[in-house]
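One structure is given here, and the rest of the page talks about it.
Both backbone and side-chain heavy atoms feed into the values below; hydrogens, waters and symmetry mates do not.
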Amino acid sequence: MSPHGAHNRRVVTVAGALGLALGTLVAVSPPGQAVVSSCLATNVTSGAAASGDLQGVIDAATAGDTIQVEGICSGGFTIGKDLSVLGKATIDVPAATLDGGDVSTVLSLPGGPGVEVTLTDLTITHGFSAAGGGVNNAGTLTLNGSSSVTENRVPTGVGGGSGGGIFNSGVLTMKGSASVTDNAGRYGGGVSNAGTMAMNGLSSVSSNTGRYGGGLINGDGLVTLSDSASVSGNTGRDGGGIYNQTGTVLLSGSASVSDGTAAHSGGGVYNLGTVKLSGTSRVSTSTSTYGGGGIRNYGIVILHGSSRISANTSSYGGGIYNNRGDVTLNDTSSVSRNTATLGGGGIYNNHGTVRLRDSSTVRRNDPDNCVQC
């Protein structure tokens with residue numbers, strides 16, 4: 001297959017899917033819950049007696065309170081006030097868990113002025129809905145400590161849902177070793193972002209599956225990875241790690257997108273918006289079948305500092321397949337040790353612009369460094 005004209009840029013219509021959450025936030029997460037006997041919730045701020053009714057404890061809490069959860073609490077839960085929820089390990093249940101039973105969004109946060117919710121050391125699992133299988137966030141949410149959003153899903157077929165693990169239309173922050181893992185969805189297997197998402201510390205989005213954005217899809221929002229945050233080991237058709245539609249993705253520090261797999265294009269990143277790398281951040285060790293083992297680009301890609309695109313593999317453009325886009329390397333950034341079986345080991349430039357500035361390099365790629373550059 002020729003790389004010229006055989007594949008036009010793939011613009012998925014995710015606006016409708018990304019907008020599902022606002023209109024269906026309450027509908028997909030009914031307030032009722034089937035409480036299992038191991039669930040124990042305590043308002044540690046008020047000192048009220050422990051209860052097996054987590055939603056009841058949430059409803060009775062005052063803004064600013066801290067709720068402690070032990071065991072497994074089953075059902076769909078809604079938090080509409082400023083709260084901290086802390087998971088406490090027990091001998092029988094090492095990770096306090098909210099379990100949706102594969103019938104609803106596990107946790108819904110409708111948001112509102114001054115409403116901030118922090119989850120610490122809490123697992124959210126077995127959610128299923130059209131938008132945000134595990135979490136549907138329209139507010140301000142922080143995942144802290146060892147919090148995990150895992151094994152949630154949204155419909156994956158044609159017309160399927162967004163954000164297998166999390167649908168975010170508000171502000172989402174991941175800190176500590178918080179993770180989004182082993183979730184599935186059509187638009188963003190792990191996360192579908194239509195707001196602001198920041199990953200810090202050792203937080204990760206890993207081992208998720210989605211057609212567009214195995215790890216995450218970013219509509220017109222902002223996604224920032226800093227420190228040692230990572231998007232790794234995710235699988236998709238386009239954008240194994242990240243599918244960036246019209247928004248902005250920023251990598252800094254030693255953040256990474258790695259080990260992604262795309263059945264078609266963009267093993268690490270499929271970009272139609274803006275992607276910027278700085279510090280020692282990298283897009284690496286990712287694979288796609290057709291174009292852009294590291295990045296398939298129709299938009300803007302900018303590298304600063306010592307950032308790099310390295311050790312990726314594809315048919316065309318092992319490191320970057322630049323299709324009418326704009327790629328700029330600055331400082332000592334590099335595209336290196338990438339492989340393409342049919343051409344453009346480092347960069348395959350198809351009617352786009354590639355600029356190398358300062359001491360940046362495209363080198364040690366196989367079979368060639370930059371085709372049509």
Side-chain angles (χ1 to χ4, degrees), residues 17-18 20-21 23-41 52-56 58 69-79 85 87 92-110 117 119 121-138 141 143 146-169 172 178-192 205-217 233-236:
L18 291 176
L20 279 172
T24 60
L25 184 60
V26 176
V28 297
S29 301
Q33 55 181 303
V35 179
V36 298
S37 58
S38 65
C39 179
L40 194 64
D53 180 5
L54 174 58
Q55 188 64 56
I58 291 170
V69 176
E70 301 176 44
I72 300 174
C73 298
S74 297
F77 305 93
T78 299
I79 301 177
V85 182
D92 294 328
V93 184
T97 301
L98 308 186
D99 191 317
D102 296 316
V103 296
S104 70
T105 293
V106 181
L107 182 61
S108 295
L109 308 175
V117 175
L119 308 181
D121 300 336
L122 192 68
T123 295
I124 295 174
T125 191
H126 298 153
F128 178 78
S129 75
V135 178
N136 190 324
N137 176 50
L141 171 64
L143 300 180
S146 60
S147 290
S148 175
V149 179
T150 183
E151 296 184 14
N152 304 279
R153 60 194 176 95
V154 295
T156 57
V158 175
S162 296
I166 300 174
F167 181 97
N168 177 54
S169 58
L172 170 65
S179 63
V180 177
T181 182
D182 293 316
N183 304 282
R186 184 174 177 84
Y187 301 102
V191 181
S192 180
V205 174
S206 63
S207 302
N208 303 283
T209 303
R211 185 173 178 84
Y212 303 107
L216 68 91
I217 186 170
N234 301 284
T235 303

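A side-chain donor from one of D99 and H126 sits under 3.5 Å from a side-chain acceptor of the other.
Looking at heavy atoms from C-beta onward, T78 lies in side-chain contact with P110 at the 4.5 angstrom threshold. A heavy-atom distance below 4.5 Å is not found between the side chains of T97 and C73. Put simply, the side chain of Y212 reaches to within 4.5 Å of the side chain of R186, judged on heavy atoms.
In this view, T156 satisfies the side chain to side chain donor-acceptor pair (under 3.5 Å) rule with no residue, not counting sequence neighbours. Residues satisfying the side-chain contact (heavy atoms from CB on, under 4.5 Å) criterion with S179, sequence neighbours excluded, are S148, T181, S204. Listed by chain and residue number, L40, Q68, K88, T90 satisfy the side-chain contact (heavy atoms from CB on, under 4.5 Å) test with E70 (two or more places apart in sequence, or in another chain). For D121, the side chain to side chain donor-acceptor pair (under 3.5 Å) partners are S146, not counting sequence neighbours. For N234, the side chain to side chain donor-acceptor pair (under 3.5 Å) test picks out N208, with sequence neighbours left out.
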(request) Start with the C-alpha gap between V106 and T125, add the side-chain angles, then the distance that decides, and say whether side chain to side chain contact (heavy atoms under 4.5 Å, CB included) holds. (result) CA-CA 7 Å; V106 181; T125 191; over 6 Å; no
(request) Determine, stepwise, if the pair F128 / V103 fulfils side chain to side chain contact (heavy atoms under 4.5 Å, CB included). (result) CA-CA 5 Å; F128 178 78; V103 296; over 6 Å; no
(request) Report the C-alpha separation of T105 and V135 in whole Å, then their side-chain angles, then the decisive distance to 0.1 Å, and conclude whether the side chain to side chain contact (heavy atoms under 4.5 Å, CB included) test is met. (result) CA-CA 6 Å; T105 293; V135 178; 5.8 Å; no
(request) Determine, step by step, whether L98 and I72 satisfy the side chain to side chain contact (heavy atoms under 4.5 Å, CB included) criterion, reporting the C-alpha distance in whole Å, the side-chain angles of both residues, the deciding distance to 0.1 Å, and the verdict. (result) CA-CA 6 Å; L98 308 186; I72 300 174; over 6 Å; no
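Nearest heavy atom pair, residue T123 against residue A95, reads OG1-CB, 3.7 Å. Of all non-hydrogen atoms in S104 and G75, the two that sit nearest each other are OG-C, 4.4 Å. Closest approach of P155 and A130 over heavy atoms only: CD-CA, 4.0 Å. When all heavy atoms are compared, the tightest approach of S129 to G132 is OG-O, 3.2 Å.
Judged by distance alone, the side chain of N183 and the main-chain N or O of E151 form a donor-acceptor pair under 3.5 Å. N136 contributes a side-chain N or O that, together with a main-chain N or O of A131, makes up a donor-acceptor pair within less than 3.5 Å. With hydrogens and angles disregarded, no donor-acceptor distance shorter than 3.5 Å links the side chain of T235 to the backbone of G214. N152 places a side-chain N or O within 3.5 Å of a backbone atom of G127 that can act as its donor or acceptor partner.
Here L119 contributes atom CG and I124 contributes atom CD1; the two are 5.0 Å apart, rounded to the nearest 0.5 Å. Summarising the geometry, atom CG belonging to L172 is positioned 5.5 Å from atom CG belonging to L141; distances are rounded to the nearest 0.5 Å. A distance of 5.0 Å separates CG in N137 from CG in N168, rounded to the nearest 0.5 Å. A distance of 5.0 Å separates OG in S192 from CZ in F167, rounded to the nearest 0.5 Å.
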